[in-house]
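Values in this document were obtained by computation on a predicted structure and should not be read as measured data.
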Amino acid sequence: MATKTMQHSTNFHPPHKSHPVWLGAGLAAMLLGGGVALWLLLGRGEAEMDPSDMLLAQMQAAAAGGNVPAFHALGGQLRAVQGSGRINVVASDVPASQCVKAGWRLAKLGTVIVNGVLPQRLSAAKLSELCEGGATLTWIPD
């Protein structure tokens, strides 16, 4: 019968001692990095937001039954009216460039009427034509 003998390793290394200063500095760097990342992600306020994005958000909030401000982000009147059993959100005095941007995005979420005209086929060119010189933008969400 063969017997096995256990051999002990002679290369014993004690665990590394970490210095509290390095540990604290590493933790502080991680916290600082996380704080900067969070600030960059969440720090974009309405001041940096595109005006057409603000108008879009206000119109969507009005359609959802939220508190409708008297004036939208671009300075014109904003109102929500009930028509044909559906809510219509109307933004008046929308500058042409913002009208095109917001109108194009709203068209993907419902029906868009510009200055009382409901185009049969909506394109960026048609929106530019309808919004020329400023517009009243009506949106009927789907």
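T138 contributes atom OG1, which lies 10.5 Å from atom CG of L106 (distance to the nearest 0.5 angstrom). Atom CE of M54 and atom OG of S52 lie 9.5 Å apart (nearest 0.5 Å). The distance from atom CG of D53 to atom CD of Q98, rounded to the nearest 0.5 Å, is 9.0 Å. Here the straight-line distance linking atom CG of D50 with atom CG of L56 works out to 10.0 Å at 0.5 Å rounding.
A single hydrophobic cluster is seen to contain both V94 and L109, as judged by linkage of ILVMFWY side chains at heavy-atom distances under 4.5 Å, directly or through other members. L130 and V90 are members of different hydrophobic clusters when ILVMFWY side chains are connected at heavy-atom separations under 4.5 Å.
Using a 4.5 Å heavy-atom threshold, the side chains of Q60 and V89 count as separate. For the pair I87 and V81, the minimum side-chain heavy-atom distance is 4.5 Å or more. With contacts defined as side-chain heavy-atom distances shorter than 4.5 Å, the pair D93/L74 does not qualify. Side-chain contact check for I140 versus I113: some heavy-atom pair is nearer than 4.5 Å.
Across every non-hydrogen atom of S128 and V100, the tightest pair is CA-CG2, 3.7 Å. The two residues V112 and A107 have their closest heavy-atom pair at CG2-N, 3.4 Å. Residue P141 comes nearest to A63 through the heavy atom pair CG-CB, 3.6 Å, listed as atom of the first residue, atom of the second, then distance. Nearest approach of L127 to G103, heavy atoms of both residues: CD1-C, 3.8 Å. Of all heavy-atom pairs between L55 and A91, the closest is CD1-CB, 4.0 Å. Of all heavy-atom pairs spanning R121 and K126, the tightest one is O-CG, 4.1 Å.
In terms of modelled atom types and a separation under 3.5 Å, the side chain of N115 and the main chain of T136 share a donor-acceptor contact. Of the possible polar contacts, none joining the H72 side chain to the R79 backbone as a donor-acceptor pair under 3.5 Å is found. Remark: the backbone N or O of A73 is paired with a side-chain donor or acceptor of Q58 at under 3.5 angstrom.
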